[in-house]
Novice: 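A single structure is presented below for examination.
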Amino acid sequence: MLGSIACSMEFEDFDLYSYFYGLVKQIPEGYVTTYGDLAQALGDPIAARAVGYMLSINEDPDTIPCYRVVLHDGTVGNYTHPLGPMEKVRRLRADGIPVVDGMIENFDRYRFRDFKTDQPLRKMQQYQEYIARKYSESGAGEFRTVAAFDVSYEERRAFASMVIQDGSTIEAYVISDGINFPYIPGYLAFREFRFIKKLYRKADLLLIDGNGILHPRFAGLATHAGVLLDRASIGVAKHLTRSTRHQDIIYMQDRPVGVMIRKNMIVSPGNFIDVNGSADTVRKMWNDRYPWPLKLAHQLSTRHAETGGRVSEYSIESAHELH
DNA sequence: GCGACAG
DNA sequence: ATCTTGTCGC
Ligand SMILES: [Mg+2]
């Protein structure tokens, strides 16, 4: 029964930006809060930097009072404005907050933390635990068709690509759509999975830029996608995080979850494959020490982001050249 | 003070 | 990821 509840809430359309700006509006005039307190109200203190980022791209500073968000040590912090933090100080003083030398006097007295929130990131963590339970390490081991995915970004727009190899045939697809979730460490799947789902065509293996079970809750983007699309999947990341390494094997809480197959290339199983199988599979499909479908997907999405998505036909021919 | 924080 | 308003632990 709990499983069926989880199935009905994949969070793909959840707009964290709107939810977040709603929280910022709760800060009363004459009070301040911190980036960390807002992150806690979202459900996880690790989101503090994402809070700063979302404030920085706020398009409506007249109704969303960014300037009431300050650093944990009582200094006012940054502000995107021609006048910079000076303008932040001016607005705080206009609210009656005493600021001396960029520091709020009697900080505790003015601090607001009583947000009305249901901490959405907590429910998302629970959903990740459900995804992790669905991971299976056994599968076919041989894959005829491979689909590789990557996503590039502007502030509120994403350009996502998929490159499919079926024997000697290569097809490439690009889509563009708005973004409803910022990058938050540990929550990448809630930002990127919906683009992968939209692009997805039947393939035996999904190759994904990010981690699989190499994740604090064993449910990185590649596992999230593999489980929800019921496909074999592998995560390929450039940076190692939140784990320990002995030789080239990566561990999380003493469980092997990935392999460093070279500097700046970490492979972890997403679904229907194990740690060694995922590393062997990626090693078989690289060209110049990089799995070529992923490289192509990366180039496709970045190129489309740079040109604003205008028809810059980066075509099948160049795909063949790279292969 | 410096590094960690998947993209 | 892009070029950017954090926080915590060592
Ligand atoms: Mg990427």
Side-chain angles (χ1 to χ4, degrees), chain A residues 20-21 24 27 32-40 42 44-59 61 64-89 91-92 102 128 149-161 179 181-196 208-225 234-244 250 252 257-258 260 264-270 294 297-298 301-302 304-306:
Chain A
F20 171 73
Y21 293 129
V24 178
I27 311 164
V32 293
T33 196
T34 69
Y35 300 93
D37 288 340
L38 273 166
Q40 191 60 249
L42 286 173
D44 193 332
I46 204 163
R49 269 199 312 179
V51 164
Y53 177 69
M54 289 190 284
L55 293 170
S56 79
I57 64 170
N58 170 24
E59 286 169 10
I64 300 164
C66 300
Y67 66 92
R68 294 177 187 156
V69 186
V70 301
L71 289 172
H72 185 79
D73 64 3
T75 56
V76 298
N78 227 325
Y79 198 66
T80 304
H81 185 278
L83 297 175
M86 275 185 59
E87 175 64 13
K88 192 171 187 175
V89 170
R91 290 185 184 223
L92 285 168
Q128 290 179 322
F149 299 84
D150 199 8
V151 188
S152 293
Y153 294 97
E154 292 175 354
E155 282 185 354
R156 289 300 299 267
R157 178 152 291 273
F159 297 87
S161 66
I179 301 170
F181 205 94
Y183 171 67
I184 302 172
Y187 300 84
L188 178 63
F190 298 106
R191 177 167 168 87
E192 294 199 347
F193 173 63
R194 73 192 183 89
F195 304 119
I196 292 174
I208 292 174
D209 182 33
N211 287 325
I213 62 172
L214 202 178
H215 182 274
R217 293 169 287 282
F218 305 102
L221 173 62
T223 300
H224 195 106
I234 295 174
V236 181
K238 295 177 244 350
H239 303 288
L240 184 56
T241 60
R242 299 151 167 256
S243 53
T244 58
I250 319 295
M252 290 228 34
V257 291
M260 180 172 274
N264 291 326
M265 187 165 299
I266 297 96
V267 174
S268 60
L294 258 189
H298 180 76
S301 59
T302 15
H304 277 257
E306 282 164 2

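The sequence lines fix the lettering, A, B, ..., with proteins before strands; numbering per chain opens at 1. Computed from heavy atoms alone, side chains included, the values below leave out hydrogens, waters and symmetry copies.
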Novice: Is the cationic atom of A:R217 (NZ for Lys, CZ for Arg) positioned less than 6.0 Å from the six-membered ring centroid of A:Y187 and within 45 degrees of its normal?
Specialist: yes

Novice: For a quick check under 3.5 Å, do A:Y53 and A:E155 share a side-chain donor-acceptor pair by atom type?
Specialist: no

Novice: What distance, rounded to whole Å, do you find between the two C1' atoms, one in C:dT4 and one in B:dC5?
Specialist: 15 Å

Novice: Using a cut-off of less than 4.0 Å, is there contact between a side-chain N or O of A:T80 and OP1 or OP2 of C:dT5?
Specialist: yes

Novice: Please work out if A:R242 contacts a base, only the sugar-phosphate, or nothing of the nucleic acid, heavy-atom cut-off 4.0 Å.
Specialist: sugar-phosphate

Novice: So what does A:L55 hit on the nucleic acid, given a heavy-atom distance under 4.0 Å: a base, only sugar-phosphate, or nothing?
Specialist: base

Novice: Using a heavy-atom cut-off of 4.0 Å across all strands, would you classify A:I266 as base, sugar-phosphate, or nothing?
Specialist: nothing

Novice: C:dC8 phosphate, OP1 or OP2: any side-chain N/O from A:H72 under 4.0 angstrom?
Specialist: yes

Novice: Is there a side-chain contact between A:H215 and the phosphate of B:dA6, meaning an N or O under 4.0 Å from OP1 or OP2?
Specialist: no

Novice: Within this structure, what is the CD-to-P distance between A:Q40 and C:dG6, rounded to whole angstrom?
Specialist: 18 Å

Novice: Base, sugar-phosphate or nothing for A:G220? Non-hydrogen atoms, less than 4.0 Å.
Specialist: base

Novice: So A:K238, base contact, sugar-phosphate only, or nothing? Heavy-atom distance under 4.0 Å.
Specialist: sugar-phosphate

Novice: Using a 5.5 Å cut-off between ring centres and planes within 30 degrees, is A:Y183 stacked on the base of B:dG7?
Specialist: yes

Novice: Starting from P on C:dC8, measure out to CG on A:D37 and report it in whole angstrom.
Specialist: 9 Å

Novice: Give A:S56 one of three labels, base, sugar-phosphate or nothing, depending on what nucleic acid heavy atoms sit under 4.0 Å from its own.
Specialist: base

Novice: Any non-hydrogen side-chain atom of A:L240 less than 4.5 Å from a side-chain atom of A:L214?
Specialist: yes

Novice: Ignoring hydrogens and angles, answer whether the base of C:dT5 and the side-chain atoms of A:Y79 contain a donor-acceptor pair closer than 3.5 Å.
Specialist: no

Novice: Can a side chain N or O of A:Y67 be found less than 4.0 Å away from OP1 or OP2 on C:dT5?
Specialist: no

